[in-house]
Amino acid sequence: MTSLAVRVIRDDSNMRPYTSKAVTAVLIGLLCVVGLAAQTIADATVQTPHGRLFVHATHFSNGDADHPCEFNGVIGNLSTVGWRHLDLLVKLSGMSMSDWGGKTISVDIPVRIDVIAGNVIQIAVESVEFSVKCDGSSHLVPSQMTARFVNGIPDKNDVDHQTIELRKVEDALAPYNAEVAKLPILKTGSSVGILASDQKCAQEFQQVPLMEGVEKRKRIAELVQYECGSIIDVPVRLVALSTEEIERLMDGAAYIKVTVADCASGLKNCPVANEKAKGKTGWVPAKWVTNY
């Protein structure tokens with residue numbers, strides 16, 4: 001592969017790089033001829049109906065009016081399910097070197113994989129080379145890559161085996177899920193909640209919704225800065241309420257003290273938000289707590 005080294009001259013007095021349109025034009029011409037090594041682009045993860053794949057970019061060239069652009073890469077299967085006639089759509093995005101303002105452009109590249117085996121031994125990499133016609137005058141310098149699943153035929157035997165294994169896991173977790181389902185839930189009517197450090201702070205936070213605009217945002221920032229509470233995503237499961245807190249609820253208390261449960265995030269009865277907030281304790285409005 002041809003490599004291209006570029007030296008940037010700097011003025012030590014202010015450390016600002018010198019450049020020119022002439023130099024940039026030369027670089028554009030060279031990049032279009034030799035292409036760009038794409039190893040610095042982060043891999044793209046692809047979610048399929050039966051697990052994940054990843055796309056690793058190795059080389060991209062824009063081509064010109066007479067030659068199509070070319071994109072080479074590696075497809076890896078992170079799932080135990082293999083595929084036939086697998087169609088992916090890869091999107092490369094980056095700066096256009098033909099635009100002095102650094103305009104961001106992108107190119108969509110359809111990829112067809114005839115066969116890729118399932119990842120039975122936790123190592124599965126299939127090399128794929130492909131070429132697709134695209135605008136050779138765009139001078140795309142790719143810096144980001146995404147990819148999505150379009151279509152494909154999963155291996156039936158692999159799917160059956162995966163289904164059996166998933167059922168085993170679900171059966172093993174069933175008792176745990178049943179216990180988690182009994183835990184209280186913290187819901188606020190929005191996507192966030194507040195764990196206040198004490199009852200007075202809880203009251204202070206409850207006055208915030210009555211404010212508007214800048215005043216509202218400023219007050220929230222002040223309360224958090226003064227360690228009056230923390231903001232968490234909701235809903236979350238809570239540790240079973242103590243006898244004292246249940247009695248407070250029965251007596252009509254406005255606020256109770258709760259702790260976010262350390263349940264396994266992402267499982268059937270444990271909200272994803274528990275992962276970040278697990279173990280945190282604070283005071284909340286009693287009306288936010290349900291399923292106790």
Side-chain angles (χ1 to χ4, degrees), residues 1-3 31-32 34-64 67-95 104-136 138 140-173 264-268 272 275:
M1 180 184 296
T2 304
S3 62
L31 292 175
C32 289
V34 304
L36 289 171
Q39 291 92 334
T40 56
I41 302 175
D43 293 351
T45 300
V46 183
Q47 185 64 49
T48 78
H50 299 286
R52 294 181 299 151
L53 307 167
F54 70 83
V55 181
H56 175 72
T58 58
H59 181 81
F60 173 79
S61 60
N62 280 287
D64 53 35
H67 302 89
C69 70
E70 183 178 353
F71 174 54
N72 300 325
V74 173
I75 306 295
N77 192 351
L78 301 175
S79 167
T80 57
V81 175
W83 293 86
R84 293 184 295 111
H85 308 310
L86 177 66
D87 291 318
L88 307 178
L89 185 64
V90 177
K91 179 187 287 290
L92 290 179
S93 303
M95 185 175 64
T104 299
I105 60 175
S106 62
V107 58
D108 290 332
I109 305 176
V111 179
R112 160 61 69 93
I113 311 299
D114 290 332
V115 178
I116 185 167
N119 180 11
V120 179
I121 58 173
Q122 303 304 312
I123 300 176
V125 175
E126 293 287 330
S127 296
V128 179
E129 293 186 1
F130 48 90
S131 178
V132 62
K133 292 182 179 180
C134 57
D135 185 3
S138 63
L140 170 65
V141 180
S143 58
Q144 184 178 8
M145 176 175 61
T146 59
R148 65 179 179 86
F149 172 82
V150 177
N151 206 351
I153 302 174
D155 184 285
K156 184 179 183 304
N157 291 332
D158 290 349
V159 172
D160 291 343
H161 182 266
Q162 184 186 60
T163 301
I164 292 172
E165 293 302 313
L166 289 175
R167 187 173 296 121
K168 290 180 180 178
V169 173
E170 290 178 357
D171 291 343
L173 292 176
S265 177
L267 291 183
K268 184 177 180 181
V272 174
E275 185 63 31

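Heavy-atom basis, side chains included; hydrogens, waters and symmetry copies ignored.
- Scored by the side-chain hydrogen bond (donor to acceptor under 3.5 Å, both in side chains) test, Asn157 finds no partners at all (sequence neighbours excluded).
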Subject >> Check against side chain to side chain contact (heavy atoms under 4.5 Å, CB included), Thr45 and Gln47 >> reply: CA-CA 7 Å; Thr45 300; Gln47 185 64 49; 5.7 Å; no
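- A distance of 9.0 Å separates CD1 of Ile113 from CG of Leu53, quoted to the nearest 0.5 Å.
- Of all non-hydrogen atoms in Gly118 and Asn77, the two that sit nearest each other are CA-ND2, 3.7 Å.
- The two residues Phe60 and Leu140 come nearest to each other via the heavy atoms CE2-O, 3.8 Å.
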Original post:
Going through the distances and angles, do Gln144 and Ser106 end up as a side chain to side chain contact (heavy atoms under 4.5 Å, CB included)?
Top reply: CA-CA 9 Å; Gln144 184 178 8; Ser106 62; over 6 Å; no
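- Asp155 approaches Val81 most closely through the heavy-atom pair N-CG1, 4.2 Å.
- The pair Arg167-Glu170 does not count as a salt bridge, with every side-chain nitrogen at least 4.0 angstrom from each carboxylate oxygen.
- Side chains of Val115 and Trp83 form no contact here, defined as non-hydrogen atoms less than 4.5 Å apart.
- In this structure Lys156 satisfies the side-chain contact (heavy atoms from CB on, under 4.5 Å) test together with Asp160, sequence neighbours excluded.
- In this structure, Met145 CE and Phe71 CZ are separated by 5.0 Å, a value rounded to the nearest 0.5 Å.
- Note that CZ of Phe149 and CZ of Arg52 are 15.5 Å apart. Values are rounded to the nearest 0.5 Å.
- Between atom CG of residue Leu173 and atom NZ of residue Lys168 there is a gap of 14.0 Å, rounded to the nearest 0.5 Å.
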Going by atom type alone, with no hydrogens or angles, which donor-acceptor pairs under 3.5 Å involve a side-chain atom of residues 87-95 and a protein atom two or more places apart or on another chain?
residue	atom	partner	partner atom	Å
Asp87	OD1	Arg112	NE	2.5
Asp87	OD1	Arg112	NH2	3.4
Asp87	OD2	Arg112	NH2	3.1
Lys91	NZ	Asp108	OD1	2.9

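- Not a single donor-acceptor pair under 3.5 Å links the side chain of Asn72 to the backbone N or O of His59.
- Taken to the nearest 0.5 Å, the NE2 atom of His85 stands 14.0 Å off from the CD1 atom of Ile116.
- Put simply, CG on Leu166 and CG on Asp171 are 11.0 Å apart, with the number rounded to the nearest 0.5 Å.
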